[in-house]
**Student:** 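Just dropping this structure here.
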Number of protein chains: 2
Amino acid sequence: METVMRIGELGAAAGVDIETIRYYEKTGLLPDPARSTNGYRAYGPAHLERLAFIRHCRALDIPLADVKRLLEFVACPENDCGDIDRLIDAQLARVRARLKSMQALERQLASLRGRCGVAHVAGDCGILHELVAAARGEACACHIEGLPGSKKAEMSTRPSVRRSGA
Amino acid sequence: METVMRIGELGAAAGVDIETIRYYEKTGLLPDPARSTNGYRAYGPAHLERLAFIRHCRALDIPLADVKRLLEFVACPENDCGDIDRLIDAQLARVRARLKSMQALERQLASLRGRCGVAHVAGDCGILHELVAAARGEACACHIEGLPGSKKAEMSTRPSVRRSGA
DNA sequence: GCTTGACTCTGGAGTGACTACGGGGTGTGA
DNA sequence: TCACACCCCGTAGTCACTCCAGAGTCAAGC
């Protein structure tokens, strides 16, 4: 059976960019594969399984450092798994906190968007007025209920953005 | 009136780290301030207002590039504000998409966590079993309803993590 | 006058998880 | 022989900060 794959095939099989695969290798998440005579990486099914595991964890937003720890548990099933519990708990807590602030965010933006329906001049734009007023600390529709970011809410002095995942 | 602030005072007034202020200056979001004879930055109330505006936008998870555009609208109120609408709409769409996937994520993790209650050995850990099975593409409790990351959901081949904001 | 400590300056590097690029080598079908 | 797709490697860029080293400034206390 020809279970040996080159990097492009592995990537296609797992739905992962080849640059990402090389990145995982470089950072020690994927073991160095064998090489064909021409120097091409030669992967087997074990690599595919491991890569799929990593991507599943990443889909769960588990940081690579934690994925690494989980992989160690997979490799050493005799270890105590209390750490796994704690790891997942911590991840769940992170996600829930983030979720809460995202929901607040959504309410704020939805409220903001309602301010400006028709095309006109920026000087009259309700959105812009609202943003400026909010920055001044005046009462604004989107800060009705002590939302994160109002000035120093419990969540973060440090908001964070990702570029749109599309 | 002594409305002139040094960077530390501005930071304290706006609740922003001074490194962040310098970063905003370097990237052109905040104009270069005047300097005292000793070379220290000297800020006025306009800087504080602008900084507060930026932070409010960032609390709404608006990327700095978009904040820059909003600031241009603030500076030129005679411009057409249709772009503001679109900008906020796009931001709202981003946030809603992200929210949806976060909710799915939360369900997945919560379901995962339920698999392993008592401390034992990793080889028997339900969480680990579930993760491995899911990576294999087998039916798993957390993928009941076509969630992102299952293999190539509409959302992203590219999950993304932030370190916990605490 | 000297020290201490808090504050400021600059430039540069590090973070996480990729993503992109440049310049080359390899393999295959026409 | 050629085009073209694939692969190699190393490096740099992305975003929004965050941290650091090494140096200068300034007021208060001794």
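Hydrogens, waters and symmetry mates play no part in the numbers below; they use all other heavy atoms, side chains included. These numbers come from a predicted model, not from an experiment. Residue numbering restarts at 1 for every chain, and letters A, B, ... go by the order of the sequence lines.
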**Student:** Between the base of dG16(C) and the side chain of Tyr23(A), is one N or O donor paired with an acceptor at under 3.5 angstrom?
**Tutor:** no

**Student:** With a 4.0 Å limit, can you tell me whether Asn38(A) has a side-chain N or O closer than that to the phosphate oxygens OP1/OP2 of dG27(C)?
**Tutor:** yes

**Student:** Tell me the interatomic distance from Tyr40(B), atom OH, to dA27(D), atom C1', rounded to whole angstroms.
**Tutor:** 11 Å

**Student:** Starting at CD1 of Ile21(B) and ending at C1' of dC17(D), how long is that distance when rounded to a whole Å?
**Tutor:** 13 Å

**Student:** Choose from dC8(D), dT8(C), dA16(D) the nucleotide whose nearest atom is closest to any side-chain atom of Ile7(A).
**Tutor:** dC8(D)

**Student:** What distance separates Ile84(B) CD1 from Asp66(B) CG, expressed to the nearest 0.5 Å?
**Tutor:**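 That separation rounds to 11.5 Å.
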
**Student:** Closest nucleotide of DNA chain D for Thr20(B) versus for Gly8(A): which of these residues is on the 5' side?
**Tutor:**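 The 5'-side residue here is Gly8(A).
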
**Student:** Quick one: which of dT10(C), dT8(C), dC9(D) gets closest to the side chain of Arg35(B)?
**Tutor:**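 It is dT10(C).
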
**Student:** Decide yes or no on side chain to side chain contact (heavy atoms under 4.5 Å, CB included) for Arg55(A) and Tyr24(A), but give the supporting numbers first.
**Tutor:** CA-CA 11 Å; Arg55(A) 293 308 282 182; Tyr24(A) 287 164; 2.6 Å; yes

**Student:** Go through dC18(C), dT8(C), dT26(C) for me and flag the one nearest to the Arg55(A) side chain.
**Tutor:**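 Nearest nucleotide to the side chain: dC18(C).
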
**Student:** Measure OH/Tyr43(A) against C1'/dC8(D) and give the value in whole Å, please.
**Tutor:**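 Result: 12 Å.
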
**Student:** I need the residues from residues 24-33 of chain B with at least one non-hydrogen atom less than 4.0 Å from DNA chain D; give them sorted by number, or say none.
**Tutor:** Tyr24(B)

**Student:** Using whole Å, what does the distance between atom P of nucleotide dC9(C) and atom CZ of Arg6(B) come to?
**Tutor:** 9 Å

**Student:** Measure the CG-CZ distance between Leu64(B) and Arg69(B) for me, rounded to the nearest 0.5 Å.
**Tutor:** 13.5 Å

**Student:** Does Arg41(A) make a side-chain N or O approach to OP1 or OP2 of dC9(D) shorter than 4.0 Å?
**Tutor:** yes

**Student:** Once you round it to whole Å, what is the distance between C1' of dC6(D) and CD1 of Ile18(A)?
**Tutor:**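 Computing the Ile18(A):CD1 to dC6(D):C1' distance gives 8 Å.
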
**Student:** Working to the nearest 0.5 Å, report the span between NE2 of His56(B) and CG of Leu70(B).
**Tutor:** 10.5 Å

**Student:** Provide a list of protein-nucleic acid N or O atom pairs under 3.5 angstrom, restricted to nucleotides 20-23 of chain C.
**Tutor:**
{"from": "dC21(C)", "atom 1": "N4", "to": "Glu19(A)", "atom 2": "OE2", "distance (Å)": "3.3"}

